[in-house]
There are 2 protein chains.
Amino acid sequence: MTDVRPGAGRTPSRAVEQALVDAAEQVLVRDGLGAVTVRAVATEAGVAPMGVYNRFGSKDGLISAVLVRGFDGLRAAVSRDDDPDPVARLLASGRNYRRFALGRPQHYGAMFGGRPLPTEGAEELLAHATAAFEALVDHVRYGMARGALREGDPLETAQVIWSSVHGAVSLELGGAVLTPDPAATYESLLQLIVAGLR
Amino acid sequence: MTDVRPGAGRTPSRAVEQALVDAAEQVLVRDGLGAVTVRAVATEAGVAPMGVYNRFGSKDGLISAVLVRGFDGLRAAVSRDDDPDPVARLLASGRNYRRFALGRPQHYGAMFGGRPLPTEGAEELLAHATAAFEALVDHVRYGMARGALREGDPLETAQVIWSSVHGAVSLELGGAVLTPDPAATYESLLQLIVAGLR
DNA sequence: CACAACAGTAGAACGACGTTCTATGAACGG
DNA sequence: CCGTTCATAGAACGTCGTTCTACTGTTGTG
């Protein structure tokens, strides 16, 4: 660590940048999105609040950096299983999606919380989010190629699947799942999806 | 209007209460949730900021009152159609759900935006939200009773439907629908649901 | 080796937010 | 008619995101 000056002697401490993102993520997980203030993060990272503006331009820029990690984690979760059976792969992907959201609820809420995404670093954020979605599209293409899923526009099918699973975990995180066993209800949803797509 | 003093001579002006909720709703629709500040709403209503605390206890209490209207509107939208054909009724309900969300995006975002719902007046809010959900459960029961939907727990089935449609409109409001025709994609989702439930 | 130029820091400061405090005024019960 | 009560208005408090103002340590050049 402390790998200072990567290219030229410029940029004396990219380590500070890393420390700030780590601190922001730590505060996010520990105290929630509302507690992620510039002052709190800077203190946690052992830096002055100005550091956030020097490195990320704004608070949104810093949060974007955290969310990039979140979308990368989501993509990893969705891509984790590569069962040769297309339907099994899709189901595993759906279950991993929920596992990710429930395991990193603060991340998920910040990523999809409805409030306008940070404008600072929005393009990078969009790229990482799209990459996660593309992993799902790949699973759909795989299923269609193997004849396990009805033919159709893979993008549209993936969007439909994403809508469903996102809605389910979103409601669950918001405490709006009224059934006694949310896991079982989620499983019903997955089964309904694959049944409708076959 | 200006129906002052309902019961006893106490409560000098419930009209102020109404004016505050109206003002809050107006600011919400016009400028978004972020612009709904105590000062802005009080100014819009022609009242001092303290009025919010006298009448609603906190900013959250005021927002709760606005969201109660939102949930009532959602319930009305979902219950609007009562086509005798169960599947047609369910489809109409789903389309009305999306129409409501797209027509009142600020309301929908505040109702389901992921951020913890206001604690002030949470019980009343929950009651109105549950009433909206119950309208959907009723449609499911109706469909099962007529044999148009596979038998099962109506609550769980309704929850699955809600998850899907909520996810779809939530992503659409967030600009995360990547298909060229969101309306068509939503229609695919509805068809997939009814196909899976038959 | 000296020295101007500069990037990055710390800390105070600004406006706006939610909320609370203080004093004022108008409506009630006796 | 007066004393009490309660909603009001407006100032004030602490915190937020952000900006401003010095200052410091380093860098490239004579």
Side-chain angles (χ1 to χ4, degrees), chain A residues 2-21 23-24 27-28 31-67 110 115-122, chain B residues 2-21 23-24 27-28 31-67 110 115-122:
Chain A
T2 73
D3 180 23
V4 184
R5 69 193 62 170
R10 207 46 51 88
T11 312
S13 62
R14 185 176 292 269
V16 171
E17 205 164 308
Q18 192 81 358
L20 276 170
V21 181
V27 173
L28 173 68
D31 305 319
L33 183 58
V36 180
T37 70
V38 171
R39 287 170 176 82
V41 171
T43 300
E44 184 97 9
V47 177
M50 260 308 284
V52 172
Y53 297 91
N54 293 330
R55 304 291 175 181
F56 299 96
S58 68
K59 180 191 175 184
D60 277 356
L62 173 59
I63 291 188
S64 276
V66 176
L67 296 191
R115 126 205 77 281
L117 284 178
T119 54
E120 196 99 22
Chain B
T2 72
D3 180 24
V4 184
R5 71 193 61 171
R10 203 52 47 88
T11 311
S13 62
R14 184 176 292 268
V16 171
E17 209 164 294
Q18 191 81 356
L20 277 171
V21 181
V27 173
L28 173 68
D31 306 318
L33 183 58
V36 180
T37 71
V38 172
R39 287 171 176 81
V41 171
T43 299
E44 184 96 10
V47 178
M50 260 310 282
V52 172
Y53 297 90
N54 293 330
R55 303 291 174 182
F56 300 96
S58 69
K59 180 190 175 184
D60 278 356
L62 172 59
I63 290 187
S64 277
V66 176
L67 296 192
R115 125 205 76 282
L117 283 178
T119 54
E120 197 98 22

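Every chain is numbered from 1 and lettered A, B, ... according to where its sequence line falls, protein lines coming before strand lines. All figures in this text were calculated on a predicted structure; none of them were measured in a lab.
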> Looking at B/A35 and B/V27, what are the two nearest heavy atoms and their distance?
Replying inline: O-CG1, 3.5 Å

>> Please give me the minimum heavy-atom distance between B/Y53 and B/K59, naming the atom from each residue.
In response: CE2-N, 4.4 Å

> B/I63 CD1 to C/dC17 P: how many Å, rounded?
Replying inline: 13 Å

> Is the shortest side-chain N/O distance from B/R39 to OP1 or OP2 of D/dG10 below 4.0 Å?
Replying inline: no

> If you check the B/A48 side chain, which of D/dG17, D/dA9, D/dT19 turns out closest?
Replying inline: D/dA9

>> Both B/M50 and B/A40 contact DNA chain C. Which one's nearest nucleotide lies toward the 5' end?
In response: B/A40

> Shortest non-hydrogen contact from B/A23 to B/V41?
Replying inline: CB-O, 3.7 Å

> To the nearest angstrom, how far is A/D31 atom CG from D/dC16 atom P?
Replying inline: 12 Å

> How long is the line joining CG of B/D60 and P of C/dG18, in whole Å?
Replying inline: 10 Å

>> Let's see if you can work this out: which of C/dG8, C/dA10, C/dT19 has an atom nearest to the side-chain heavy atoms of A/V47?
In response: C/dA10

> B/R55 has a side chain; which of D/dA7, C/dG18, D/dT18 sits nearest to it?
Replying inline: D/dA7

> Over how many whole Å does the gap from B/K59 atom NZ to C/dT19 atom P extend?
Replying inline: 8 Å

>> From OH of A/Y53 over to P of D/dT21, roughly how many Å is that when rounded to an integer?
In response: 17 Å

> Considering heavy-atom distances to DNA chain D, does A/V38 or B/N54 have its closest nucleotide positioned more toward the 5' end?
Replying inline: B/N54

> Which heavy atom of B/A24 sits nearest a heavy atom of B/V36, and at what distance?
Replying inline: O-CG2, 4.2 Å

> Base, sugar-phosphate, or nothing: which does A/V41 touch, judged by heavy atoms less than 4.0 Å apart?
Replying inline: nothing

